[in-house]
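Computation of the quantities below employed the complete heavy-atom set of this structure, encompassing side-chain atoms and omitting hydrogens, waters and symmetry-equivalent molecules. Please read these numbers as outputs of a predicted model, since none were measured by experiment.
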Amino acid sequence: MIDTAKSVSISYIKSTKGIVQLVAVLSVLSIVTGVATLTGAAKINFIADQLPLTATESAGFTGSLTGFLLFLTSYGLRRRWRAAWYVSLFLVPTVTIQGVLQSSIFSTPLVLLSLVVFVILLSKEGVFDRNVTLTDTQIAAGLALVGAQAYGTIGTYSLRNEFRGIDTLLDAFYFTIVTGSTVGYGDATPIPESGFARLYALSVLIVSTATFAVALGTLLTPAIENRFTEALGMTDDAELDQLSGHIIIAGNDQLTAPIIDNLQSDCSILVISDTDTPQSITESDVLELHGSRTSNETFERARLDTARAVVIATEDDAEDIMTAITVRKQDDDIWIVAAATNNENIEKFRFVGANTIISPALVGGELLAESARTQQDTATEVVQHLQKEQEDNRNH
């Protein structure tokens, strides 16, 4: 029992999903440690006394900021972005250093976890192999946001003599951020005598607010779409990106349920369903992808390149043969298991590259014939044997 739990824990930590969640946990712990350090309530005095107060406070503030950045980076890791992996390799050691300087009661678990996460991240170089792809809308929103901040910062600094509280470029940047976010603390304002400065401040408010709205819309839209995707019982790209060593079931009809029952205890399963398929997958551990089974794009999203095998088993032999052709053209080595409803199509499945072809009708006919020949309930014995094996697998 202990060995099984240990094996499961190690497998989880080494998995892509496990490391992404560990990074997220590390980020939250970094934020908590940073806040605790700033409050001073959680300091370890014999360590803190050896450090300058400014070093400890700075580590607390930057630790909270680093934790927030690391949490954002975990989103990129979830999508297997290479850039996010590089950023994490920089941020995680930073968290380690900050944890030592913070001298908080949370520092020890923070430092230990950061070391573990860093080692695992180094070993996952080949997993995070995707380039960041931005849509035209995202690029436009980013450029607009940068342009608005540049407009406000440069313009305010140029007019600093007509503003109160604006002496440096940092002050001008601060004024632009505060104005664009509509917070308006009032510590940096145009002087009442300068009508031009006041008009300029209004222009900064309008431009910055508009670009903030566009940027937020660009960021929130994918999240909203993912919520709709989950509500409709579909799988989002983030979940698909984490698949590896899974089995793809291409098709969803009456044969799908028993196949899932026999496989789900051993590996991850992804079911590809045509958009007009009435059946839905109810098992919580089974992912479902809606799309055409004869489309290359569907199997690319299904991570065919990392799959263990493909099962093609529906009552439509013609569609299944086309599916087998699509799969084999994309991957020469993937193991394909197919079910032939019509015995005449067995050779056709073999011709298009299926490795194993099973005819439910042929197998059923042989069982019926054997039962008639021996006057024994052969079919029931076979079914009971299969059910017993399935039950044993579930118990283990």
Side-chain angles (χ1 to χ4, degrees), residues 15-17 20 75-81 127-131 133 135 221-331 333-339 352-355:
S15 66
T16 304
K17 183 178 180 180
V20 171
Y75 174 81
L77 292 176
R78 187 182 178 192
R79 293 187 172 274
R80 300 161 60 101
W81 288 345
V127 174
F128 303 100
D129 54 358
R130 290 177 175 262
N131 295 323
T133 54
T135 64
T221 297
I224 295 173
E225 289 177 347
N226 286 340
R227 289 295 182 183
F228 276 113
T229 297
E230 293 176 1
L232 294 173
M234 296 180 289
T235 304
D236 60 27
D237 289 333
E239 292 178 291
L240 296 175
D241 287 343
Q242 298 181 44
L243 287 174
S244 181
H246 56 296
I247 291 181
I248 300 173
I249 300 179
N252 183 10
D253 67 4
Q254 61 182 359
L255 285 177
T256 304
I259 294 174
I260 291 175
D261 288 341
N262 282 277
L263 287 177
Q264 64 179 352
S265 61
D266 302 322
C267 60
S268 300
I269 301 173
L270 173 67
V271 177
I272 297 178
S273 300
D274 293 329
T275 54
D276 57 350
T277 302
Q279 288 97 338
S280 61
I281 306 301
T282 57
E283 288 80 358
S284 58
D285 296 334
V286 178
L287 300 179
E288 184 175 11
L289 173 62
H290 289 260
S292 173
R293 294 190 288 138
T294 58
S295 169
N296 291 334
E297 181 182 356
T298 300
F299 283 98
E300 287 175 1
R301 291 190 63 203
R303 300 281 293 164
L304 179 64
D305 57 328
T306 64
R308 183 192 305 183
V310 177
V311 178
I312 307 172
T314 71
E315 296 180 335
D316 188 343
D317 280 359
E319 187 77 7
D320 286 352
I321 291 172
M322 292 300 299
T323 302
I325 294 174
T326 302
V327 172
R328 184 55 71 205
K329 287 183 65 177
Q330 282 193 260
D331 194 325
D333 300 321
I334 191 71
W335 188 267
I336 300 176
V337 180
V352 298
N355 301 96

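Looking only at distances, a side-chain donor or acceptor of R293 sits under 3.5 Å from a matching main-chain atom of A250.
One finds the OG atom of S295 at 8.0 Å from the CD atom of E300 (value rounded to the nearest 0.5 Å). Taken to the nearest 0.5 Å, the CD1 atom of I249 stands 4.5 Å off from the CD1 atom of I260. Considering CZ of R301 and CG of L270, their distance stands at 9.5 Å, rounded to 0.5 Å. Here the CD1-CD1 distance, from I336 to I248, works out to 10.0 Å after rounding to the nearest 0.5 Å.
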Do any side-chain atoms of residues 305-312 form donor-acceptor pairs under 3.5 angstrom with protein atoms, and if so which ones, sequence neighbours left out?
residue: T306; atom: OG1; partner: L243; partner atom: O; Å: 3.2
residue: T306; atom: OG1; partner: R303; partner atom: O; Å: 3.1

Self-check item: Residues W335, I247; criterion side-chain contact (heavy atoms from CB on, under 4.5 Å); working and verdict
Solution: CA-CA 10 Å; W335 188 267; I247 291 181; over 6 Å; no
Quiz prompt | E288/N252 under side-chain contact (heavy atoms from CB on, under 4.5 Å): CA gap, chis, key distance, verdict | solution = CA-CA 10 Å; E288 184 175 11; N252 183 10; 3.9 Å; yes
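A side-chain donor-acceptor contact under 3.5 Å links R328 and N355.
Nearest approach of G291 to I272, heavy atoms of both residues: O-CG2, 3.9 Å. Nearest heavy-atom pair across T314 and G251 is CG2-CA, 3.8 Å. Minimum interatomic distance between W81 and F128 (heavy atoms only, all atoms of both residues): O-CB, 3.9 Å. Here the closest heavy-atom approach between residue I259 and residue A313 is recorded as CD1-CB, 3.9 Å. Of all heavy-atom pairs spanning D317 and A339, the tightest one is OD1-O, 3.9 Å.
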